[in-house]
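Structure first, then comments.
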Amino acid sequence: MSDVRRRAPLGRDYFERLYERSDDPWGFETSAYERAKYRRTLEALDNRRFHRALEVGCSIGVFTALLAPRCDELVAIDVSERAIARARARLAGVPGVRLVRAGIPAELPPGPFDLIVCSEVLYYLTADVLRNAAAALEEALAPGGTLLAVHWTEPTRHYPLQGDEVHDLLTGQLNLDLTYSLREQHFRLDRWEQA
Ligand SMILES: C[S@@+](CC[C@H](N)C(=O)[O-])C[C@H]1O[C@@H](n2cnc3c(N)ncnc32)[C@H](O)[C@@H]1O
């Protein structure tokens, strides 16, 4: 099997094309895998409430709608305008949610955030870009803030990084305490907090 993993981040055009072909390219609204991942992600937040949260790669806003009730303010970003348009329709009228078309690391909204969630988004970056993104995300955390990452861990041939590579890189780089880890059959979830 030839290795077709990419040496450049998957960029905006790639995702716009996916959303042009399908309203819900990964089946976020319907798949049992996604439901289980969302449940575990919310459990990892320990019933806490957040003042100002950032969700990176929010797609069509399915998890955004679950996270919003835990946050006074939730900034949810996605590199794709089509995805953000669908998320805006889903979350119309939900208080405290701001949906912004933006890609990390270049367009990361200014912090501070007391929660940052990166769900299945960081393996579209290359290792070098992820190192920059991780530094920027850490910088955007409020004192005592929480960073949560969750990624599919089955092999992918077309993404620059595998899920485990993302989590290993973050664990090696972040100057944060790793306070929760979970590995399930298809995904890995890690939570880091500022001491
Ligand atoms: C697999 S979906 C994950 C959606 C959602 N986080 C979840 O887990 O249900 C990945 C999303 O990340 C977005 N994305 C990819 N690269 C990005 C980047 N550099 N910055 C922001 N969003 C990005 C894509 O447009 C896509 O909507």
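Start at 1 and go down the list; that is how both ligands and their atoms are numbered. For this chain, numbers begin at 1 and follow the sequence in order.
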Legend entry - Pairs touching residues 105-116 that satisfy side-chain hydrogen bond (donor to acceptor under 3.5 Å, both in side chains), sequence neighbours left out: Arg101-Glu107
Legend entry - Nearest non-hydrogen partners of Arg35 and Thr30, listed with the distance: NH1-O, 3.4 Å
Inset, instruction - Applying ring-ring contact (aromatic ring centres under 6.0 Å, His included), run through Tyr124 and Tyr14 and close with a yes or a no. - result: CA-CA 10 Å; Tyr124 301 119; Tyr14 173 87; 7.0 Å; no
Legend entry - Pairing residues for Tyr38 by the side-chain hydrogen bond (donor to acceptor under 3.5 Å, both in side chains) criterion, not counting sequence neighbours: none
Inset, instruction - Check whether the side chains of Arg48 and Thr146 place a donor and an acceptor atom closer than 3.5 Å, and report yes or no. - result: yes
Inset, instruction - Apply side-chain hydrogen bond (donor to acceptor under 3.5 Å, both in side chains) to Arg70 and list each qualifying residue two or more places apart in sequence or on a separate chain. - result: none
Hey, what polar pairs (N/O, under 3.5 Å) does ligand 1 make with protein?
| unit_1 | atom_1 | unit_2 | atom_2 | d |
| --- | --- | --- | --- | --- |
| ligand 1 | 6 (N) | Gly57 | O | 2.7 |
| ligand 1 | 6 (N) | Ser119 | O | 2.8 |
| ligand 1 | 8 (O) | Lys37 | NZ | 2.8 |
| ligand 1 | 8 (O) | Ser119 | O | 3.4 |
| ligand 1 | 8 (O) | Ser119 | OG | 2.6 |
| ligand 1 | 9 (O) | Tyr38 | OH | 2.6 |
| ligand 1 | 19 (N) | Ile104 | O | 3.0 |
| ligand 1 | 20 (N) | Ile104 | N | 3.0 |
| ligand 1 | 22 (N) | Val79 | N | 3.2 |
| ligand 1 | 25 (O) | Asp78 | OD1 | 2.6 |
| ligand 1 | 27 (O) | Tyr19 | OH | 2.4 |
| ligand 1 | 27 (O) | Asp78 | OD1 | 3.4 |
| ligand 1 | 27 (O) | Asp78 | OD2 | 2.6 |

